[in-house]
Structure formats: C-alpha cells, structure tokens
Number of protein chains: 2
Amino acid sequence: MDASLSLDSPLSDTVAPRLGYMLRRASAVMMAGLGAALADMALRPVEGTILILVGENPGCIQSDIGRMLGIKRANMTPLIAGLAARGLLSKTPVDGRSLALALTVEGEAARRRVDATMDAHEARFEALLKDHDMAALRDALRIIAQQGEPGAD
Amino acid sequence: MDASLSLDSPLSDTVAPRLGYMLRRASAVMMAGLGAALADMALRPVEGTILILVGENPGCIQSDIGRMLGIKRANMTPLIAGLAARGLLSKTPVDGRSLALALTVEGEAARRRVDATMDAHEARFEALLKDHDMAALRDALRIIAQQGEPGAD
DNA sequence: TATTGTTATACTCTATAACTATA
DNA sequence: TATAGTTATAGAGTATAACAATA
C-alpha cells in the first residue's frame, strides 16, 4: 500500500523555489563536484584554495589567508600544519609572531594542478549556463555575499 | 613592521571571482541570516523547513521529507524526534514500518511564524537584487543544482 | 528483496575560550 | 592594547554500517 499521500499527487514543495534554499543546493553541488575533482590529489577544496592564494601571495601570513577565506585563526592552524607536513608549503618566521607562507617546489606543482582542475570545473558549469548572463549572475552573488559579516575572527 | 606583502598592494585573490566560491559565500550569508531570524523560535533552518514541508504534506512519511531535502534516513531520525519531543509534530504509524507526520496545533502556529520569517528574509534579498532578473537567477541556480546526485540515501 | 526507521559511529566544518608571545 | 599563533573543546552537518521489522 502507498504509505504517502496519494498515487496521483506528488508532494508539495514550496521550499524548493526559495532563493536561499536554491543557493544552498547549488553551492553544495558545485562544492561536491570540486571535491571529487580534487580527490585524485588528496586535497580538499579549502586546501586547494589555500595553495592558490599562497602561490599568488608568497610571503603572506597565515592570518591573511584566514581573513580572505573567512576562516578563523584557530581553524587555520591545522590546515596550514597539514599542508606543511605534506611538504606543500613552508612556514618561515618573519617577526617573531608571524609566519610567512610560501609554496615549496612540490607545492607549486600541486598548485598548478589545482588551478587547472578548478578552471575545468568552472568551465564545465559555465558551459551549462551558456545562455545566461554570467556577469549578472556574479553580480547578484556578490551583492548577496556582501550582506554578511566582513570576515572571520 | 608590515608583516605582509607591501603597504601599497593588497593581496591578490583569484579565488574570489570563481563561481563555486561565490556561490558558497552567498549561500553561507543567506543561511546565516535565516538562522539568526529563526533563532527567536529556537529553530534551525532545517527544522523550519521540515515544519513547512510537513504542514503542506500532512500524512507524508519521514523518508519523503528526507528525500525532498537530501537528508539521509539516519540523520532524519533525531531531527524528527526533536520536533516531536517539542510537541510541534506528531508521528503516527501507518503501516507498521512507516510513520505519518503531521503538525500539532502548536506546530502549525510555529509553521506560520517560520513561513512569515522566511518570506521576509527572502524579500529582503530580493529587494537588494531589484535591478536583477530573478527568474534568470533562479534558472541558473536550478541548472547548477540539477548537476548533483538525485537525492540522499 | 527492497523499504522504513533506528542506533552507533566518525569525519568535517565551524565556533568559543584560554593561553603564550610579540608588535 | 591589539595582533599572531596555538591548543582544547563543543556543536552542527553529513557519512557509512549494521540491525530489526515490514512491504
């Protein structure tokens, strides 16, 4: 016997068309796709992102990365330690309390692979949205994101 | 002394304009805003969403809700138990293995407050996006979300 | 045999508090 | 006094595996 409502009427769902809900689902799909694409390299999206940011900002400190990504100091420590333990980046004391970050040779190779993977991932979705105004989409997302708190910490 | 790169050049950030990253940040801002708006009622966004779905689908079973929201059976159990323990919804056995869900009188009152809160939250962001094509934005988000796995479980 | 619900468990992400050391 | 980094800890969210009962 059909345990749900009716054989002929599918369930009602007034939540699905809500903007916040649609954003959440779309974001989850893209993050999951990127996670799968980076799994080859045993890197999570946040780790790949850190490699890219350190690569284009050699000498930046851990807190700079945390502020850019909205990740708190306390949560940056194990992330950076993990990447350093894998030999992908180096931590060099600069003034006694700050650590300058830079990619190692191996880290730079990983960064290039991450960058290519992210570009391909991005391109795959942009192709699906070829009939859409991407500039307008990015503008809308930027406006929404700007309503949040400035940064972590 | 300046511990970062330079006094005159802000940090480079090629990650910020990526679609997946922008989606993640925008989604986080809207979810945080909704969470704050629902905090008065001591309901999390997922709990409010369940109240709405049960309210418009009285008699639906726990698994139906899980499938609609992409939440696995194992994680639905404590969610539904919590709402039932607070007297917001009832669980009625329908065929020995399924539980029909329905809102209690108190749950229906909570659902109305949640619905009004979500409407106001949605309206606040739509006002910010008044110069944007909302139908195009929803269409883009729908296309992205459809690339994901059909459902949990 | 597939579905429903439950329990136990684990991993990730995020958050706060407290601490040391330095600018 | 504010900043940088660390440690410990706690709460969500999500994942799998195993189980009982039922369709």
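We name chains A, B, ... by the order of the sequence lines, and we start the count at 1 in each one.
- Nearest-nucleotide positions on DNA chain D place A:Arg97 closer to the 5' end than the other of A:Gln62 and A:Arg97.
- Look at CG on A:Leu101: it is 11 Å from C1' on D:dG5, rounded to the nearest Å.
- By the criterion of side-chain heavy atoms lying less than 4.5 angstrom apart, applied directly or through intervening Ile, Leu, Val, Met, Phe, Trp or Tyr residues, A:Leu101 is grouped together with A:Met68 in one hydrophobic cluster.
- B:Ser98 has no side-chain polar atom (N or O) that falls below the 4.0 Å cut-off from OP1 or OP2 of D:dT22.
- Nearest-nucleotide positions on DNA chain C place A:Arg44 closer to the 5' end than the other of A:Arg44 and A:Gly96.
- A straight line from CG of B:Leu79 to P of D:dA15 spans 13 Å, rounded to a whole angstrom.
- The separation between B:Ile80 atom CD1 and C:dT7 atom P is 14 Å, rounded to whole Å.
- The distance from atom CG of B:Leu69 to atom P of D:dA12 is 18 Å, rounded to the nearest whole Å.
- Closest contact between the side chain of A:Arg24 and the listed nucleotides D:dG13, D:dA8, D:dT16 involves D:dG13.
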Candidate pair B:Thr92 and B:Leu99, rule side-chain contact (heavy atoms from CB on, under 4.5 Å), full reasoning: CA-CA 5 Å; B:Thr92 307; B:Leu99 298 177; over 6 Å; no
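- Using a 4.0 Å heavy-atom cutoff across all strands shown, B:Ser63 reaches sugar-phosphate atoms only and no base atom.
- Between A:Leu99 and A:Asn75, the residue anchored nearer the 5' end of DNA chain D, judged by the nucleotide with its closest heavy atom, is A:Leu99.
- For A:Arg18, the side-chain hydrogen bond (donor to acceptor under 3.5 Å, both in side chains) criterion is met by B:Asp115, B:Asp119, not counting sequence neighbours.
- Remark: C1' of C:dC13 and CD1 of A:Ile50 are 13 Å apart, rounded to the nearest angstrom.
- Rounded to an integer number of Å, the gap from CD of B:Glu47 to P of D:dG13 is 8 Å.
- Considering only side-chain atoms of B:Arg73, the nucleotide from D:dG13, C:dG5, C:dA17 that sits closest is C:dG5.
- Residue A:Lys72 has no polar side-chain atom (N or O) positioned under 4.0 Å from OP1 or OP2 of D:dT6.
- The only option from B:Ile65, B:Asp64, B:Thr49 that meets the side chain to side chain contact (heavy atoms under 4.5 Å, CB included) definition with B:Val54 turns out to be B:Ile65.
- Following rounding to the nearest Å, B:Met76 (CE) and C:dA8 (C1') show an atom-to-atom distance of 19 Å.
- We find that CD1 of B:Ile71 is positioned 16 Å from C1' of C:dT6, with the value rounded to whole Å.
- B:Met22 and A:Leu34 are not part of a single hydrophobic cluster, where members link through side-chain heavy atoms under 4.5 Å apart.
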